Protein chains: 4
Amino acid sequence: MWGAGIITSDELAELNRGLDAIAAEFESAPCPDGDAEDLHTWLEALLTEKVGPAGKKIHTARSRNDQVATLLKMYVIAAGEELAGHLRRLIVVGCQRAQDWADQVFPLHTHTQFAAPGSVGFWVLRYATAFDHIRRHVDFCVSEWRRHCPLGAGAVAGSSIPIDRRLQAEGLGFERPSPNALESTSARDECVELLALAAQVALHLQSLATDVILFSQTPLGWTLYPAPFGTGSSMMPNKQNPDAMELLRGHGAAVLSAHGQALTLLKGLPSGYNRDLQCIKPLVRQAAETLFALCGLAEAFLTQLEFDRERITASLAEGGIGATLRMEQKVLEGLPLREAHHAVVEEVRAGGAATLAGDVESAARYQTTGSASPAETRRVAAELLRALG
Amino acid sequence: MWGAGIITSDELAELNRGLDAIAAEFESAPCPDGDAEDLHTWLEALLTEKVGPAGKKIHTARSRNDQVATLLKMYVIAAGEELAGHLRRLIVVGCQRAQDWADQVFPLHTHTQFAAPGSVGFWVLRYATAFDHIRRHVDFCVSEWRRHCPLGAGAVAGSSIPIDRRLQAEGLGFERPSPNALESTSARDECVELLALAAQVALHLQSLATDVILFSQTPLGWTLYPAPFGTGSSMMPNKQNPDAMELLRGHGAAVLSAHGQALTLLKGLPSGYNRDLQCIKPLVRQAAETLFALCGLAEAFLTQLEFDRERITASLAEGGIGATLRMEQKVLEGLPLREAHHAVVEEVRAGGAATLAGDVESAARYQTTGSASPAETRRVAAELLRALG
Amino acid sequence: MWGAGIITSDELAELNRGLDAIAAEFESAPCPDGDAEDLHTWLEALLTEKVGPAGKKIHTARSRNDQVATLLKMYVIAAGEELAGHLRRLIVVGCQRAQDWADQVFPLHTHTQFAAPGSVGFWVLRYATAFDHIRRHVDFCVSEWRRHCPLGAGAVAGSSIPIDRRLQAEGLGFERPSPNALESTSARDECVELLALAAQVALHLQSLATDVILFSQTPLGWTLYPAPFGTGSSMMPNKQNPDAMELLRGHGAAVLSAHGQALTLLKGLPSGYNRDLQCIKPLVRQAAETLFALCGLAEAFLTQLEFDRERITASLAEGGIGATLRMEQKVLEGLPLREAHHAVVEEVRAGGAATLAGDVESAARYQTTGSASPAETRRVAAELLRALG
Amino acid sequence: MWGAGIITSDELAELNRGLDAIAAEFESAPCPDGDAEDLHTWLEALLTEKVGPAGKKIHTARSRNDQVATLLKMYVIAAGEELAGHLRRLIVVGCQRAQDWADQVFPLHTHTQFAAPGSVGFWVLRYATAFDHIRRHVDFCVSEWRRHCPLGAGAVAGSSIPIDRRLQAEGLGFERPSPNALESTSARDECVELLALAAQVALHLQSLATDVILFSQTPLGWTLYPAPFGTGSSMMPNKQNPDAMELLRGHGAAVLSAHGQALTLLKGLPSGYNRDLQCIKPLVRQAAETLFALCGLAEAFLTQLEFDRERITASLAEGGIGATLRMEQKVLEGLPLREAHHAVVEEVRAGGAATLAGDVESAARYQTTGSASPAETRRVAAELLRALG
């Protein structure tokens with residue numbers, strides 16, 4: 001006897017034998033058809049066919065309601081772990097490229113206008129720090145999802161058969177059974193949370209894509225856009241288009257929208273299992289798989305991306321991007337900031353923007369923590385990598 | 001001299017005097033009008049008017065870009081703390097009512113059909129456990145938001161003036177300066193995260209409302225719906241309508257949508273500050289204030305809600321809700337589950353649903369952790385309250 | 001020579017022969033693999049293989065940009081027509097059931113409370129009138145989509161080869177060529193409009209599902225829910241669940257969300273074709289196919305749905321639903337409305353709700369156009385059917 | 001006696017007198033406070049105070065349910081008309097600027113890359129044609145919204161008092177009474193439709209903004225960005241930022257999201273009036289007012305926008321934008337398209353992109369309807385203006 005005293009040790013041995021046989025039989029078979037309402041019912045029928053009456057006991061103290069909640073939560077936990085892995089790889093590649101490109105100074109934008117000198121490494125480090133922030137959040141959520149196992153919640157109220165939910169929970173990798181059977185079978189918070197995290201990652205991926213498209217523009221041409229990630233034009237012989245980045249941005253929109261779709265699905269449902277809840281499964285799976293593909297694409301792309309030193313150098317003379325540094329020089333010489341600002345504005349108005357170029361040295365003058373100086377970019381990248389372990 | 005050596009101690013004293021004067025002057029005044037581009041510019045001009053040249057120094061090593069990012073993050077932190085407070089109060093009232101109503105057995109629903117007996121306390125405990133899960137998440141996010149202070153990120157790249165960002169960060173209640181000035185001025189992750197949490201809370205609040213409306217239906221009438229939360233009809237003299245719950249559900253929809261609106265706003269923006277980012281401020285503020293009002297409404301409502309014992313008792317005879325317990329009784333007597341299920345299905349088909357009533361004793365027969373038994377509801381409620389401290 | 005003078009009549013004959021051969025070859029073959037960038041490039045290569053040099057001319061004055069815009073618009077037009085067909089069938093079945101059920105009086109709800117007597121036919125007619133409104137809108141949109149053919153817009157600017165876009169447009173079933181090549185290759189308004197219409201249909205379908213679930217509740221049990229559209233419970237032998245209606249509501253949520261997803265996708269894109277636009281194709285197709293399946297489900301379901309006369313009759317005594325009619329009787333006898341209202345409110349407060357039952361005669365007393373009287377329901381249903389032709 | 005015979009002509013005169021007095025009294029007064037449940041109840045009480053018993057009759061055969069549905073539909077009709085007016089003005093200014101700028105040739109983009117020569121007039125005409133398409137749609141919807149008046153639908157089922165709904169409908173500017181009282185009080189299709197149209201307009205406005213921001217970029221600087229629509233930087237003396245266009249894009253996101261918010265609000269509600277429906281009113285109003293402000297902003301901006309001829313001319317030498325025209329020249333000389341394409345690709349690869357410049361003459365070579373040639377832009381603009389009347 002084991003646990004609740006429902007299944008004898010002989011029956012347990014038989015059930016295990018039956019399950020092994022089914023596992024072997026269907027290992028590489030396509031998903032079975034049939035009249036069964038779902039996989040759980042199908043499995044029980046097949047098992048009963050193979051091992052006899054013991055099969056009829058396996059649904060004891062169970063409902064499909066808690067079974068689907070449990071399997072879905074296990075899928076979400078696995079997806080969270082896979083997402084964390086993708087984020088780690090993106091942080092690593094981001095930090096490595098930040099170090100590679102720490103001295104490659106180019107114009108940073110604000111308002112889609114050239115603003116101030118900073119390095120390409122500083123730019124890509126932006127995403128590594130963002131992904132590190134989200135990675136910590138993903139790790140937290142995965143550990144929260146593992147706290148409570150839905151199995152044993154039954155249809156809605158638990159069971160009068162004294163099964164040991166703690167054993168079940170631990171066997172499936174959870175910390176403990178969930179504290180309220182109604183909540184366990186009604187809610188899908190782990191799905192909503194995974195989709196919120198997925199949207200946040202997609203938001204940064206599409207921002208990365210938007211930046212690369214901006215940097216690749218005519219006439220900037222800062223990127224040496226890797227050929228496998230682009231295509232030509234069927235009508236315009238002059239074109240090489242940044243298609244992979246446009247697809248990263250475009251497919252990212254689907255991931256951005258999945259969270260809202262889940263909320264719309266769940267809105268207005270009363271407590272207790274409703275069949276509508278089944279519709280969240282393809283939504284979560286599709287969003288997760290799309291996101292993983294996009295993470296892989298971004299990682300591969302960043303690994304192969306290179307920049308055109310010459311084109312970038314030409315751009316450093318545009319936009320008067322040395323103005324802030326000149327203003328701050330005046331401040332360091334004793335002028336109050338507001339007066340220094342007015343002085344440089346006058347200089348720009350008098351046509352001096354061209355003399356306010358950025359250059360490779362200028363970025364080295366930033367002094368603050370987290371600034372665009374090559375040294376600081378290297379320091380932060382190293383620290384991020386170290387914290388990742 | 002203090003920090004970066006820009007402002008002398010005399011100037012500091014003057015600036016503090018000026019700021020105190022301005023604070024006193026505008027304490028209860030309406031928001032000032034004027035030609036200034038924003039509050040920061042307005043304040044600097046006024047301060048300079050009051051204390052002279054020192055005012056012209058206060059924007060040193062600063063940009064409105066890092067200032068608005070910092071103030072907004074501080075607002076989000078405060079909103080997160082306020083939300084955590086609301087959730088704590090909702091958990092307390094939920095656990096108290098769970099204990100009050102632990103013995104008030106009524107039919108639980110699945111598929112909006114009567115399903116099995118459980119108590120009203122077990123039902124309300126659903127929400128307390130959900131809010132406890134979200135509260136832990138909110139606490140995590142607030143502590144994450146406090147990790148990195150944007151101030152000192154400047155316009156986009158930091159500053160060449162050697163200010164001490166660590167001092168600023170700690171002075172404002174953050175742990176340390178943010179590691180990448182571009183990320184700090186470009187991203188609004190804390191807003192997106194707050195809105196995701198807000199949506200999750202709103203999802204449960206509207207579910208609570210949906211349940212109460214269901215329980216209040218003709219002919220169920222299980223609730224003694226508190227009069228201040230309802231209204232009559234202008235045409236139908238027979239009606240008392242659960243308006244507050246409908247408004248909880250309706251206004252909740254606005255909170256559900258704010259997260260998606262933020263994503264749409266941020267989508268397609270290149271790195272570096274863009275003026276579009278200002279549009280997230282009213283969105284976050286409106287969603288937060290609506291949510292706080294809804295939390296307050298739900299708390300007040302739950303405190304005053306009562307149930308009609310007689311109407312509920314009448315409902316316990318409907319829907320054959322004792323069927324699962326009878327089936328499990330047969331299992332405990334040795335019948336395999338599947339056979340016991342068939343036996344009770346036959347009984348129901350033969351018209352026996354009426355004899356499968358639930359009653360006050362039946363819920364006491366649940367044995368599993370997290371089940372609908374009165375004892376388990378009391379235990380879980382007590383544990384939740386204890387964990388809250 | 002034909003049209004622009006590019007292709008000779010011999011070449012035309014050869015091209016037609018080649019296309020016929022390819023059509024025959026791939027009629028029932030799976031979608032071909034290959035290195036080609038897309039279907040258009042693949043077809044040109046294959047055609048050139050089959051008919052020689054003439055194949056190299058077929059892309060003249062064309063770009064994939066206008067080709068995909070044209071094919072997608074043609075798909076949207078076909079989907080609009082299919083949607084109009086579904087709506088017509090839903091209107092027909094709705095009007096037929098409205099006539100079948102015109103005398104089956106039951107309590108109408110407001111605020112999810114019993115409100116006033118009306119017939120089941122009057123209820124289902126609600127949806128027929130809604131679908132008729134949307135059908136007119138769909139017809140308008142389809143005719144608008146046919147106004148302008150994108151083909152010939154080229155990559156972005158048209159072509160310097162004097163092709164006759166009018167001939168092309170008419171040959172493909174459009175009225176005339178589009179007036180601006182940039183708009184034709186940049187925008188996807190027809191997709192956005194189709195998705196808005198789809199969302200509106202889905203909104204009514206999920207409302208229909210919500211109503212049926214409400215009507216099927218314990219203890220109302222007004223529906224004789226058709227067995228093929230429901231399922232049993234794996235744990236609760238007493239349950240029959242309205243699964244098909246829950247899936248109608250649940251899958252409807254995906255259709256509701258597709259419009260917003262399209263807007264998110266398109267937001268932030270600059271003018272001119274961007275590869276992101278390809279991502280709208282699976283979105284539109286999936287939403288359309290899901291919606292058509294849901295329309296078919298709703299039509300089949302309504303055809304088979306029946307109501308339980310006895311259970312409904314029992315409900316007519318609940319909720320004092322005769323109150324408005326009694327009040328209006330007093331008005332017809334000369335009492336001002338407000339005084340009649342107060343009088344009946346007093347009657348209800350004195351416990352007289354039970355005497356204010358609805359009955360089969362009461363609904364016959366409605367006098368206004370569009371009211372819930374059986375005669376008016378029959379009249380409106382007949383008129384809707386007549387207008388449909 | 002008038003209509004249903006409820007109100008005598010003396011009472012009618014008194015009521016009109018009372019209403020006139022109230023109108024005068026509150027003409028410029030703030031919105032009144034009070035205990036009344038809503039405006040309709042407040043008005044009835046005040047009227048009764050002023051004119052005595054006749055006031056108690058005015059709610060006869062009415063419910064707040066049909067009153068709010070009617071007023072809201074009237075608001076939506078007025079908003080639709082206002083939107084149509086804005087679109088007309090945008091079409092006019094778009095066509096005028098298309099004519100002004102028909103000869104100002106610049107590089108058109110695809111994939112955010114320079115693609116082919118076309119004129120600024122051709123670009124702005126894109127939006128005029130889009131707005132003309134939407135304007136026709138708005139006109140259709142407004143005429144549909146006028147078809148059916150909700151007033152007289154009562155609470156849910158109509159009335160047993162024989163009022164003449166046709167008279168009411170026509171008096172309020174509708175064609176006829178609505179055919180189903182349940183639909184009239186349950187649905188908000190006109191709101192959903194207005195919000196879909198608003199989203200479509202906002203989509204084009206934010207696209208216009210995105211284009212202008214792109215054109216204003218460093219180092220393109222094609223626009224002479226009108227100063228009242230931009231701002232400087234508090235830290236960077238070199239910056240002038242296109243703030244108004246960023247706000248057009250940013251506030252546009254709120255309008256894009258309102259449609260989805262309405263769907264979320266309406267999802268899951270059962271038939272019959274539910275108080276949730278009140279929450280659609282501020283949503284519709286806010287979206288409409290924001291949109292009108294954005295339309296006004298876009299119109300004013302387009303009126304003042306000018307382009308920098310010199311900077312644009314410099315750009316025409318970039319990106320090999322003459323390639324398609326050269327390829328088509330070869331086609332016109334007899335080469336099959338595919339061979340001409342390969343020949344020009346080789347030319348570009350050999351470094352000849354620089355010789356494939358666009359120029360003012362090149363755009364004149366487009367021959368197709370709707371192309372980017374100055375003549376065609378002028379023709380289409382004139383035709384659009386003519387059609388507008």
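The basis for the numbers below is simple: all heavy atoms, side chains too, and nothing from hydrogens, waters or symmetry mates. As the structure is a computational prediction, the values presented were derived from the model and not from experiment.
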ask   = Of the listed residues (B:Ala157, B:Ala202, B:Ala181), which shares the most heavy-atom pairs with chain A below a 4.5 Å separation?
value = B:Ala157

message = With a 4.5 angstrom heavy-atom cut-off, is it the side chain or the backbone of B:Arg147 that approaches chain A, or both, or neither?
response = side chain

ask   = What is the distance from atom CD of B:Glu144 to atom NE2 of A:His133, rounded to the nearest 0.5 Å?
value = 6.5 Å

inquiry  = Within this structure, what is the CD-CG distance for the pair A:Gln367 and B:Asp164, rounded to the nearest 0.5 Å?
reply    = 12.5 Å

Most contacts with chain B, counted as non-hydrogen pairs under 4.5 angstrom, among A:Leu208, A:Asp211, A:Leu195 = A:Asp211

request  = Count the heavy-atom pairs under 4.5 Å between each of B:Pro177, B:Pro270, B:Pro53 and chain A, then report the option with the highest count.
outcome  = B:Pro270

remark   = Shortest non-hydrogen pair, A:Val156 vs B:His109, comes out as CG2-O, 3.9 Å

query = With respect to chain B, which residue among A:Ala115, A:Ala130, A:Gly152, A:Ala196 yields the maximal number of heavy-atom pairs within a distance under 4.5 Å?
reply = A:Ala130

inquiry  = Rounded at 0.5 Å granularity, tell me how far CG in A:Leu277 sits from NE2 in B:His111.
reply    = 9.0 Å

key: Portion of A:Val380 that has a non-hydrogen atom of chain B nearer than 4.5 angstrom   = side chain

Non-hydrogen side-chain atoms of B:Arg126 and A:Ser186 separated by less than 4.5 Å = yes

inquiry  = Just so I know, are the side chains of A:Leu256 and B:Lys267 near enough to count as touching, which here means a heavy-atom distance under 4.5 Å?
reply    = yes

inquiry  = Return the NZ to CG distance between B:Lys57 and A:Leu335, rounded to the nearest 0.5 Å.
reply    = 9.5 Å

query = What part of B:His259 is in contact with chain A, defined as an atom under 4.5 angstrom from a non-hydrogen atom: side chain, backbone, both or neither?
reply = side chain

ask   = Taking every heavy-atom pair that is under 4.5 Å apart, which of B:Pro117, B:Ser159, B:Gly158 has the most such pairs with chain A?
value = B:Ser159

Contact origin within A:Ala153 toward chain B - heavy atom pairs under 4.5 Å = neither

task = Evaluate the ring planes of B:Phe140 and A:His137, with Trp represented by its six-membered ring, and classify them as parallel (under 30°), tilted (30 to 60°) or perpendicular (over 60°).
result = tilted

ask   = chain B heavy atoms under 4.5 Å from A:Ser178: which part of the residue, side chain, backbone, both or neither?
value = backbone

key: B:Glu44 portion near chain A, given a 4.5 angstrom heavy-atom threshold   = side chain

inquiry  = To the nearest 0.5 Å, what is the distance between OG1 on A:Thr110 and CZ on B:Arg275?
reply    = 12.5 Å

Smallest separation among heavy atoms of A:Glu328 and B:Ala61, with atom names = OE2-CA, 4.1 Å

key: Residue part contacting chain B, namely of A:Leu214, when any heavy atom lies under 4.5 Å   = side chain

query = For B:Ser160, is it the side chain, the backbone, both or neither that has a heavy atom under 4.5 Å from a heavy atom of chain A?
reply = both

note = Under 4.5 Å to a heavy atom of chain B? For A:Asn65 that would be side chain

note = Rounding to 0.5 Å, atoms CD (B:Gln200) and CG (A:Leu266) come to a distance of 10.5 Å

ask   = Can you find a side-chain donor-acceptor pair between A:Thr129 and B:Glu183 that sits under 3.5 Å?
value = no

key: chain A contact via B:Ile58 - which portion, at a heavy-atom distance below 4.5 Å   = neither

task = Name the region of A:His59, side chain, backbone, both or neither, that has any atom closer than 4.5 Å to a heavy atom of chain B.
result = both

Engaged part of A:Ile161 at the chain B interface, taking heavy atoms whose separation is under 4.5 Å = both

ask   = Relative to chain B, which of A:His204, A:Gln113, A:Arg176 shows the most heavy atom pairs under 4.5 Å?
value = A:His204

inquiry  = Shorter than 4.5 Å, heavy atoms on both sides: which option in A:Leu203, A:Leu325, A:Asp189, A:Leu125 has the most such pairs with chain B?
reply    = A:Asp189

note = Per-residue tally against chain A (heavy atom, under 4.5 Å) across B:Thr377, B:Thr185, B:Leu269, B:Leu384 peaks at B:Leu269

request  = Between chain B and each of A:Ser271, A:Ser371, A:Ser362, count heavy-atom pairs under 4.5 Å; write down the option with the most.
outcome  = A:Ser271

Chain B contact via A:Ile213 - side chain, backbone, both or neither, heavy atoms under 4.5 Å = neither

note = Of the listed B:Ile134, B:Leu332, B:Asp132, the one with the largest count of heavy-atom pairs under 4.5 Å with chain A is B:Leu332

Chain B contact via A:Glu193 - side chain, backbone, both or neither, heavy atoms under 4.5 Å = side chain

task = Mind ranking A:Asn274, A:Leu197, A:Leu182 by heavy-atom pairs under 4.5 Å with chain B and telling me who comes out on top?
result = A:Leu182

